[in-house]
Amino acid sequence: MIDPAADAAPATMHTPAADGATGNPPSVPPTTTAPLMDDDGDFAPEWYIRFEELRPYASTLAKFRRPEALAKSYAMLERMKGYPDVADSRRMAAFRSAVGLPDSPAEFALSRPDDTPDELWDSSLADSMAAVAYEYGVPPLAMGALCEKYTTEGRRMLAAHREAQADAIARADAELQQDWGRNYDDNMRTVGDFLSHLGARTGVDVGELVTNPALRANADFARLMLAAASLLEEAPLHTGAPTDSRAEARRIAGDPTHPLHEAYMRTSHPRHRYANEQYDRLAFGRPL
């Protein structure tokens with residue numbers, strides 16, 4: 001039989017949401033966090049450790065005890081965000097202090113990198129660059145890297161320049177050899193003798209002049225010197241009294257700097273006959 005009481009009072013089901021007799025959901029304890037501030041307005045000790053992104057700066061943030069101190073520090077950083085005017089010595093000094101730059105120009109001194117050729121290093125210039133680096137707040141590490149880069153590129157450019165000079169000298173020499181043929185050695189000796197003669201008269205170091213790459217790489221310079229030497233040989237070397245001619249003859253025989261001395265003294269010289277004839281003309285008045 002059906003129990004009539006079952007229809008009158010349906011059974012209630014128990015659910016986890018029910019809380020005793022009230023039926024309210026169970027209370028969840030709230031998550032507790034330490035306060036950021038103390039009652040007196042100071043930061044709570046180690047307030048920053050709750051923020052993961054601030055933990056690397058714990059040693060710096062620990063210095064700030066009140067919010068206004070932190071705000072002032074932030075405002076100063078904002079003012080220094082732009083690069084300071086180098087003429088503003090106070091702001092530049094603050095900038096150096098903020099980024100940890102040395103206080104003295106001496107600490108910016110540049111050292112000469114290893115294997116730096118003399119052509120690429122100037123101690124006075126290095127000192128001037130170090131002074132500029134200090135004035136404009138360039139970090140010494142960056143300045144050293146720039147110096148190293150400069151010398152590396154300088155060595156490369158210097159090597160390329162020397163290689164280009166050597167190629168130009170070789171081309172000029174080949175051009176003269178083709179132009180003069182078998183007379184190349186004689187002509188070059190004539191040019192050398194002529195320049196030595198001019199150098200002795202003027203006090204010019206012709207050795208340095210002849211080795212100058214700008215001249216050695218110019219075939220026209222050698223041609224001009226050969227032509228000038230030929231003109232000097234063909235014209236009277238001195239004008240005036242006959243004693244001038246005899247003095248010139250003595251120079252041919254006794255002065256190694258005279259352009260005809262070597263040819264006169266060395267019978268195997270290709271121009272010995274010419275030098276001998278010039279000597280006879282000057283010393284004895286013999287016609288050519």
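Any value given below was found using the heavy atoms of this structure, including those in side chains, with hydrogens, waters and symmetry copies removed.
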Verify same cluster id: [X], [Y] (apolar side-chain graph, 4.5 Å):
X	Y	result
W180	L195	yes
L176	F221	yes
V206	L226	yes
L282	M265	yes
V138	L110	yes

Using the rule given for side chain to side chain contact (heavy atoms under 4.5 Å, CB included), can you reason through L215 versus L209, listing the C-alpha separation, both sets of side-chain angles and the distance that settles it, and then say yes or no? CA-CA 8 Å; L215 297 179; L209 184 68; 3.5 Å; yes
Taking atom [atom1] of [X] and atom [atom2] of [Y], what is their separation to the nearest 0.5 Å?
X	Y	atom1	atom2	value
L61	L70	CG	CG	7.0 Å
Q177	R182	CD	CZ	14.5 Å
Y150	M143	OH	CE	11.0 Å
Y279	H258	OH	NE2	12.0 Å
T151	L158	OG1	CG	12.0 Å

Who passes side chain to side chain donor-acceptor pair (under 3.5 Å) against Y184, sequence neighbours left out? D173
Test of understanding: with side chain to side chain donor-acceptor pair (under 3.5 Å), list the residues that count as partners of E148, not counting sequence neighbours. none
Does atom CE (M37) have a neighbourhood of more than 12 heavy atoms from anything else shown, all under 6.0 Å? yes
Please indicate whether L125 has more than 12 foreign heavy atoms, meaning atoms of other residues, nucleotides or ligands, lying under 6.0 Å from its CG. yes
Testing D122, D127, D118 for salt bridge (charged side-chain N to carboxylate O under 4.0 Å, His left out) with R112, which one passes?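 Running salt bridge (charged side-chain N to carboxylate O under 4.0 Å, His left out) over D122, D127, D118 with R112 returns exactly one hit, D118.
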So, the side chain of T190 versus the backbone of D186: is there a donor-acceptor pair under 3.5 Å, distance only?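 Yes, T190 side chain to D186 backbone: donor-acceptor pair under 3.5 Å.
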Look at the side chain of R251 and the backbone N and O of T257, then say whether any donor-acceptor pair between them is shorter than 3.5 Å. no
Within residues 158-168 or reaching into it, pairs that qualify as salt bridge (Lys or Arg N to Asp or Glu O under 4.0 Å) - sequence neighbours excluded: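 Applying salt bridge (Lys or Arg N to Asp or Glu O under 4.0 Å) to every pair that reaches into residues 158-168, excluding sequence neighbours, yields E119-R162.
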Contact list for residues 62-71, test salt bridge (Lys or Arg N to Asp or Glu O under 4.0 Å), sequence neighbours left out: D42-R66, R66-E68
Test H269 against Y264 for side chain to side chain contact (heavy atoms under 4.5 Å, CB included), laying out the working first. CA-CA 8 Å; H269 195 284; Y264 175 77; over 6 Å; no
Nearest heavy-atom neighbours spanning L101 and P139: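 Minimum heavy-atom contact is CD2-CA, 3.6 Å.
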Heavy-atom pair with the smallest gap, counting every atom of H272 and A263: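 The answer is ND1-O, 2.8 Å.
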Test: side-chain hydrogen bond (donor to acceptor under 3.5 Å, both in side chains). Region: residues 204-225. Which pairs qualify, not counting sequence neighbours? E175-R223, D179-R223, D220-R223
Can you list every ring pair (Phe, Tyr, Trp, His ring centres under 6.0 Å) pair that touches residues 44-65, not counting sequence neighbours?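 Every pair satisfying ring pair (Phe, Tyr, Trp, His ring centres under 6.0 Å) with a residue in residues 44-65: F43-W47.
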I want to check something: taking the side chain as every heavy atom from C-beta on, are P259 and L198 in contact at a cut-off of under 4.5 Å?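 Not touching, per the 4.5 Å side-chain cut-off.
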Indicate yes or no: at least one non-hydrogen side-chain atom of P113 is less than 4.5 angstrom from one of W121.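 With C-beta onward as the side chain, the pair touches.
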Just do the side chain to side chain contact (heavy atoms under 4.5 Å, CB included) check on Y274 and L260 with the steps written out, would you? CA-CA 9 Å; Y274 173 81; L260 295 180; 4.0 Å; yes
I would like to know whether D255 and H261 meet side chain to side chain contact (heavy atoms under 4.5 Å, CB included); could you show each step before the answer? CA-CA 6 Å; D255 186 355; H261 175 75; 5.6 Å; no
